[in-house]
Amino acid sequence: MDFEKEYLSVKRKLFDKYYSDLNSKQREAVYAVNGPLLILAGAGSGKTTVLVRRIAHIIRYGDAYNSDIVPEYATGKDVEEMKKALSLSKIELGNYLTKFSVDPAPAWSVLGITFTNKAAGEIKSRISDIFGEDSEEVTAITAGTFHSVCCRFLRMYGEKIGYDKNFSICDTSDSKSLISDCMNLLSIDEKSLSVKSVQSIISRAKDKLQTPEDLLSEAGQDYKIKKVAEIYSAYQNRLESQNLLDFDDIIMQTVRLLTEHEDVRDILQNRYRYVSVDEYQDTNFAQLKLTLLLSGKYKNIMVVGDDDQSIYKFRGAVIENILNFDKNYSNTKIIRLEENYRSTKTILDAANGIISHNKGRLGKTLWTQSEQGELISIKKLPDQGLEGRYICNVISESIVKDDLSFKDFAVLYRMNVQSRAIEQALAKAAIPYRVLGGPRFFDRMEVKDIVSYLHVINNPVDDIRLKRIVNTPRRGIGNKSFEVASALASAEGYSVLELMRNAKRYSAISPVASKAMQDFCFLIDALRDYASSHTTSETIAKVIESTGYGDMIGEIPEKTEREERTSNLEELINMAGQYDEDAEDPTLSEYLEEVALVSDVDKYDENADAVVLMTIHSAKGLEFPVVFLPGMEEGVFPGYQTIMNPEEIEEERRLAYVAVTRAKKRIYITHVGSRMINGKTQYNQISCFVNEIPAELTVRTEEEQYGAFTRNRPAFISTGRSIVNPSDAYNPTPRYSPFSSQPKVKTSAQNTEEFKIGDNVVHSMFGKGVVLSSKRMGGDVLYEVVFEEHGLKKLMGTYAKLKKVK
DNA sequence: AGCTAAAATGTTTTT
DNA sequence: CATTTTAGCT
């Protein structure tokens, strides 16, 4: 046999052996190092694995697999040695293969863009599994979301397009209030044109890289759009003069930077030889443009996505980005990953049943080798309170019967409001849970106030934040004085803070107010000075103390409110302390960026043993053994405003597909006869998506057949709603605090004292009660206990903190 | 200026 | 239903 051929073929065998835990398509993707690559990856097909392994491969071996260069010095002995290497352990083999590496890329030349910071962290941690923690490979790699990566670029080069290094990011509510200010200034009535719709039109325009002028010229005779363009122009001016970027600007301005400044573009294009983008089906036009710019020189770009999982159209995502990827890059290699490793066959068939009703798909045939698995449970309940209780019952029973733990369960819903009823039920049943998304910790008033102080300290021209805190706590600078100062400031071309410093020069400001303004400026100066020589958490503590904010909170008369706010501020200090510890080079400005860009899901800890509740959107990319899908009703999911529009129904259907494909083993679908939303009772039909699941895969039951918890407790049911007294609701972790300590699930496991029927017991949350029944289940005992004030409960021996009383 | 209480109003999904 | 806005009062 030809020596060269044998050499190459054994080399490839070695690589195939090394990647033997991947399937052939996945390996193909890992080896496709150079040139444009499109991976169409179905749900659960191991795309994150491929992304990570491919990056590691590039750093370690470069294009070694494809290279047909045989070293001149190679001999038959080498081939013999290579054949022996086939029996090496994985780690040894990995190291052995480095000897074939061809033009490996330095880690700093790799850019990985993911959908969440968590996924980016995942890449880094998996790379560190291969190269070792804190190795150069891990630290040098650039991985992050579009937003965090762009912020990095803007911090480095933003000055070229007029942004100061410590620009701040304004969130949706900040930008809303700025738009509202602009509308007032232009005397546009907010009743005829809502701030929300203006904000969304501007945001969509920015997604498409449209400037105010572009929007105006596109408007034609459309009066509304013309008005919005006018507002957009004013809004953008104010953002820029205050050194602020909104979420859309972060992308759009980066594109502008790279378009207008060839030098910056060259630097970045030369640096990033390998670019990978995950969740490509949910990118917008600006993000497409950005990837084109960044990969413009080497064109080594890999994008991964699934057209069936495109669920962010409302945010400007264009599915065509992935459908037409090969039109933007010639010689695109396309690889389809169609084997699903996550779900049972039943679940996969159900998902396929749903998604097959969509038109205009690229079309994939997902398959699996796994077993049929359990049928999908579909259950109708009378109302949302019972829906929540049903979920709790299923969880309690499965835990003992099937040896599952709380963290194996996820409740996924369409809208955040749906979480409330379920939370109440979980709290009552003493099941540990955590809620992701919804109102965030950093949206709490007191947290936002303190963070606003930090913004003003960091970026003195941030007038939005200044307005928020200038009179909180009260210091005699009321709305009116502030308005006057703002007007003067814009007339004179100063920032408001600067003007306030010299307030006494202006006769329009009363002497009392100008004194207060000056004092305020001194306060801010002192704090800025303090911040320059102290850590973030020390600065925050100082802000709370010296602004009088802490005293203000301490004087709140209601005990619960006072304590909650105080503890939120303590939490803020603690979290900042964590940041100071973790960050390489902690700065106030980076801290503020992190606060703006980190989401709840990023902090989701899969090791915490608690049931997790989140929206289906947030659950994208995650997986759980058991998934509950409550509220599968027409009007809820699909939402009632989408029902008339076939295109939007398709998006909803993709969302349903995402929901179903999150589950590994089991799905419980529920819907209710009557649902209360915003004080109105709705009577919804079962969701059309449920009926798209082949009937033979499902088992349907109605409430009447599920008598277990309706028996023996008319008094409990007659209250209708389940009422949870906030003081005794079991809340394992404040729902606002993604960072806070893990749920207190480590309840006294040694507390396995056994109870007999009729025993009087005390529960830490439910108070006094009597044991009605006890059932052995696995290694545990399930008790039914009637409590004096809370009615009948099912409790698990090991988890319920029950104590016997005489 | 600043507080309280009544009235209005909103209905996805998120970086 | 729950939050935000506003009117009216001190």
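Hydrogens, waters and symmetry mates play no part in the numbers below; they use all other heavy atoms, side chains included. Only a predicted model underlies this, so the values are computations on that prediction, with no experimental measurement involved.
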For B:dT15, the nucleotide meeting Watson-Crick or G-U wobble distances (both under 3.5 Å) is none
Rounded to whole angstroms, how far apart are CD on A:E190 and P on B:dA8?
18 Å
Could you work out the separation of C:dT6 and B:dT11 based on their P atoms and round it to a whole Å?
16 Å
Would you mind classifying the nucleic acid contact of A:N471 as base, sugar-phosphate or nothing, using non-hydrogen atoms under 4.0 angstrom?
sugar-phosphate
Is C:dA7 paired to anything, Watson-Crick or G-U wobble with both distances less than 3.5 Å, and if yes, which nucleotide?
B:dT4
Are A:S481 and B:dA1 close enough that a side-chain N or O sits under 4.0 Å from OP1 or OP2?
yes
Under the criterion side chain to side chain contact (heavy atoms under 4.5 Å, CB included), which of A:I422, A:V411, A:L613 is the partner of A:Y433?
A:L613
Taking only the C1' atom of each, what is the distance from B:dT12 to C:dT5 in whole angstrom?
23 Å
Report yes if some heavy atom in the side chain of A:Y413 is under 4.5 Å from a heavy atom in the side chain of A:S419; otherwise report no.
yes
Qualifying residue, where the test is salt bridge (charged side-chain N to carboxylate O under 4.0 Å, His left out) with A:R414 and the options are A:E652, A:E633, A:E634:
A:E652
Measure from NZ or CZ of A:K620 to the centre of the six-membered ring of A:F115 and say whether it is under 6.0 Å with the direction within 45° of the ring axis.
yes
Could you state the atom-to-atom distance from CD1 of A:I477 to C1' of B:dG2 in whole Å?
15 Å
Taking protein heavy atoms under 4.0 Å as touching, what does nucleotides 10-15 of chain B look like 5' to 3' if B marks base contact, S marks sugar-phosphate-only contact and - marks none?
BBBBBB
Check whether NZ of the Lys or CZ of the Arg A:R155 lies under 6.0 Å from the centre of the six-membered ring of A:F167 and within 45 degrees of that ring's axis.
yes
Is NZ or CZ of A:R654 both nearer than 6.0 Å to the six-membered ring centre of A:Y657 and within 45° of the ring axis?
no
